[in-house]
A.B. asks: 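Pasting a structure here, questions to come.
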Amino acid sequence: MTKRLIILAGFLCLALLTNLSFRVPTTVEAQAPADCVTATAPAFTLGVDKNLQLPGGGVLKDGDLFYLGNNNGVQFTTTSPNTFLQTFANDASAVPIGYPNTINLRFQSQTPNQVATALSCLDSIWDINFVLYGGGATAAGVAGDVYELYLQQPDGSRRISLATFTTNPAGTGAVVTSIVPGADLSAVGHTPTTVGRVIPFEIAGGNDGAGNPQLRTSLISLALPMDGSIPNCAQLGITIRKAGGSGRSMIVLANLVVTRSATTTATGTGIQSGIAGLRYPTARVCDNICPACPTIVCDTVLCFADPCTWCNRLSFPTRYLNHRVVVPGVNFNQPIPVFVPDNQRIGQPINPLISQYLGCGGFYRSEMRAQLIAHYIAAQLDIQTQLSFWWIKLNKQPLQCHVITPMSMPGMPGAPRALPATFSGGPITSLTDASTLQDLFDVTDWVVTKGSMDDLQKLLAIYKQLNTCRKD
């Protein structure tokens, strides 16, 4: 019995010396990050009847084309932050893209230096018809942006680049920079198009979301090779690699021609012939394997106190003697002790630098950078107090588990959720629900010393939405 008490006492001493927390983690149901979005691209297929005679003469060798409907298209998924993946009615466009009474899918990015990707479910792709947006009032902001279409298998293997386009320096068009061997690319009135040609942004394409008029290309058609070099079943990927500009770059899929099996069929009116009662296949030929939204598991709930609360807590230093925090720009960004020994006084007084930057004893300032530093120090103290072996676990704590969307009240709308947020530079230029507390701290170290006022405002909003665990 005595031996057990000695072991228990030793463990308690170890806990006090290392700030080990006895808090039992709270497990929360796994959830998808808020920036995981799905939308459906329009899909068409060729009819059962081949060598179809047209009423006015001529023959459709491969059969007529049929729209599979708004609910039977090709689903795409993106987890790229600050992008738009949306469907819209083709008829609503000032200059319709594709066939009437169908939908279009747009994928848009305008975050500088971001690589944004949308990936489809597994399918059998035949032709891809699309347009590129980028010119107009925002031309300077899209120069150097790269658009790419590619195929891959669900595990990411066998990646095949189908075509790439790079916006020219003037932002007036997209240069064809690559085409997969054996494919046929046509643009500008269905003219055969080769590598090196500029496809101009020449058609009015609405505005860029900020009221600035934008231009787009005419319809671009990519017919994939049918020589066996392209797998029958693959996922279609769309990537927009933004350069340094903030202009809106966008790909709109007008229609995808896909292969379907005649195991099941439907009847309809052919788009090209206008003949009613024709049969077309509807059965999928590929397994329905779609990109999964990554799940975020919140295994620990942390409570974050404001800087003023920490000023009060540090008046009783016993629990916090071993705490060390980073103050951006101080001590070469290396941790400094919260308390320093003072031989002239009883106990351990708080480090004057910590008092100043935390805002204790009348040091509080309303300047935004000072507020951000105070919240950063408070967050570090919260984590060291509650999370055992915190230095190992920081990069395993998703922000979605700790950032709470402000509640709204009647007549008082809540502040918008602070995530996702993009920043003007640094080692990490965006924070999302899937980012970690370590990412938050890394961004803070850069923003405090080098960021813009806009960066400071965005980051302070995130800190102010950290979970306080209040019950009211």
Side-chain angles (χ1 to χ4, degrees), residues 33-36 79-83 109-116 242-244 246 294 296 298 300 302-307 310 324-336 354 357-359 367-384 386-387 390-406 415-468:
D35 51 17
C36 185
T79 57
S80 300
N82 305 305
T83 58
S109 175
Q110 60 188 85
T111 303
N113 304 308
Q114 181 184 38
V115 179
K242 285 289 299 174
S246 58
I296 294 176
C298 301
T300 302
L302 299 177
C303 300
F304 292 86
D306 59 31
W310 270 107
R324 302 173 70 88
V325 296
V326 172
V327 180
V330 174
N331 194 34
F332 304 100
N333 271 27
Q334 296 302 308
I336 61 175
I354 300 300
Y357 286 109
L358 197 56
E367 192 262 329
M368 192 178 300
R369 183 172 277 101
Q371 290 187 51
L372 179 57
I373 293 174
H375 279 276
Y376 180 31
I377 293 174
Q380 293 178 74
L381 294 171
D382 288 315
I383 289 169
Q384 292 180 41
Q386 300 174 64
L387 197 61
W390 57 271
W391 57 90
I392 299 174
K393 299 179 180 178
L394 267 184
N395 62 359
K396 298 178 181 178
Q397 292 294 318
L399 290 183
Q400 180 160 315
C401 302
H402 304 293
V403 174
I404 307 299
T405 303
R417 184 173 174 82
L419 293 174
T422 58
F423 304 94
S424 60
I428 299 174
T429 57
S430 65
L431 291 174
T432 70
D433 285 321
S435 301
T436 66
L437 287 172
Q438 183 65 66
D439 295 329
L440 176 64
F441 288 177
D442 290 343
V443 170
T444 306
D445 290 336
W446 186 87
V447 166
V448 168
T449 55
K450 300 178 182 179
S452 65
M453 291 300 294
D454 185 56
D455 294 332
L456 291 168
Q457 185 174 11
K458 290 178 180 178
L459 199 52
L460 184 58
I462 296 174
Y463 276 97
K464 288 185 175 181
Q465 291 184 9
L466 289 174
N467 179 28
T468 63

A.B. asks: Assess the residue pair D445 and Y376 against the criterion (side-chain contact (heavy atoms from CB on, under 4.5 Å)); give the C-alpha distance rounded to whole Å, side-chain angles, the decisive distance to 0.1 Å, and a yes or no.
C.D. replies: CA-CA 9 Å; D445 290 336; Y376 180 31; 2.9 Å; yes

A.B. asks: D454: what forms a side-chain hydrogen bond (donor to acceptor under 3.5 Å, both in side chains) with it, not counting sequence neighbours?
C.D. replies: K458

A.B. asks: Report yes if the side chains of Y357 and P328 come closer than 4.5 Å at any heavy-atom pair, otherwise no.
C.D. replies: no

A.B. asks: Considering all heavy atoms of both residues, which atom of S435 and which atom of S430 are nearest to each other, and what is their separation?
C.D. replies: OG-O, 4.1 Å

A.B. asks: Rounded to the nearest 0.5 Å, what separates atom OG1 in T436 from atom CG in N395?
C.D. replies: 6.0 Å

A.B. asks: Begin from the C-alpha positions of I462 and L459 and carry the test side-chain contact (heavy atoms from CB on, under 4.5 Å) through to its verdict.
C.D. replies: CA-CA 5 Å; I462 296 174; L459 199 52; 4.3 Å; yes

A.B. asks: Who are the side-chain hydrogen bond (donor to acceptor under 3.5 Å, both in side chains) partners of K450, not counting sequence neighbours?
C.D. replies: none

A.B. asks: As an exercise, state the distance from OG1 of T468 to CD1 of I404, rounded to the nearest 0.5 Å.
C.D. replies: 8.0 Å

A.B. asks: Report yes if the side chains of D433 and R417 come closer than 4.5 Å at any heavy-atom pair, otherwise no.
C.D. replies: yes

A.B. asks: Is D382 reaching over with its side chain to a backbone N or O of A305, donor-acceptor style, under 3.5 angstrom?
C.D. replies: yes

A.B. asks: I'd like to check the side-chain hydrogen bond (donor to acceptor under 3.5 Å, both in side chains) partners of T449; sequence neighbours left out, ordered by chain and number.
C.D. replies: none

A.B. asks: Decide side-chain contact (heavy atoms from CB on, under 4.5 Å) for Q380 and F441; before the verdict, give the C-alpha distance in whole Å, the side-chain angles of both, and the deciding distance to 0.1 Å.
C.D. replies: CA-CA 9 Å; Q380 293 178 74; F441 288 177; 4.0 Å; yes

A.B. asks: Backbone N or O of A116 within a donor-acceptor pair of the Q114 side chain at under 3.5 Å?
C.D. replies: no

A.B. asks: Can you measure from OG1 (T111) to CG (N82) and round to the nearest 0.5 angstrom?
C.D. replies: 4.5 Å

A.B. asks: Hey, could you give me the NE2/NZ distance between H375 and K464, rounded to the nearest 0.5 Å?
C.D. replies: 5.5 Å

A.B. asks: Hey, could you give me the CD/CG distance between Q386 and L381, rounded to the nearest 0.5 Å?
C.D. replies: 11.0 Å

A.B. asks: Looking at D439 and L431, would you say the former's side chain and the latter's main chain have a donor-acceptor pair under 3.5 Å?
C.D. replies: no

A.B. asks: Donor-acceptor pair, distance only, cut-off 3.5 Å: does the side chain of Q384 make one with the backbone of R324?
C.D. replies: yes

A.B. asks: Apply the test side-chain contact (heavy atoms from CB on, under 4.5 Å) to residues V327 and I377: give CA-CA distance (whole Å), side-chain angles for both, the deciding distance (0.1 Å), then the verdict.
C.D. replies: CA-CA 7 Å; V327 180; I377 293 174; 3.9 Å; yes

A.B. asks: Heavy atoms only: give me the nearest S246-K242 pair and the separation to one decimal.
C.D. replies: C-NZ, 4.2 Å

A.B. asks: Give the minimum heavy-atom separation between S80 and V115, together with the two atoms involved.
C.D. replies: OG-O, 4.1 Å

A.B. asks: Output the distance between atom CD1 (I383) and atom SG (C303), rounded to the nearest 0.5 Å.
C.D. replies: 12.0 Å

A.B. asks: On a heavy-atom basis, which atom in V326 and which in Q334 lie closest, and how many Å separate them?
C.D. replies: CG2-C, 4.5 Å

A.B. asks: With side chains defined as the heavy atoms from C-beta onward, is the minimum distance between V403 and L466 less than 4.5 Å?
C.D. replies: yes

A.B. asks: If I compare all heavy atoms of Q371 with all of L460, which pair ends up nearest, and what's the gap?
C.D. replies: OE1-CD2, 3.9 Å

A.B. asks: Any heavy-atom pair between the side chains of L456 and V447 that's under 4.5 Å?
C.D. replies: yes

A.B. asks: Are the side chain of Q465 and the backbone of A418 linked by a donor-acceptor contact shorter than 3.5 Å?
C.D. replies: yes

A.B. asks: Find out whether T429 and N113 are in side-chain contact, i.e. whether some heavy atom of one side chain is under 4.5 Å from a heavy atom of the other.
C.D. replies: no

A.B. asks: Do I428 and F423 make a side-chain contact, defined as non-hydrogen atoms from C-beta onward lying under 4.5 Å apart?
C.D. replies: no

A.B. asks: If every non-hydrogen atom of L437 is compared with every non-hydrogen atom of L302, which pair is closest and at what distance?
C.D. replies: CD1-CD1, 4.1 Å

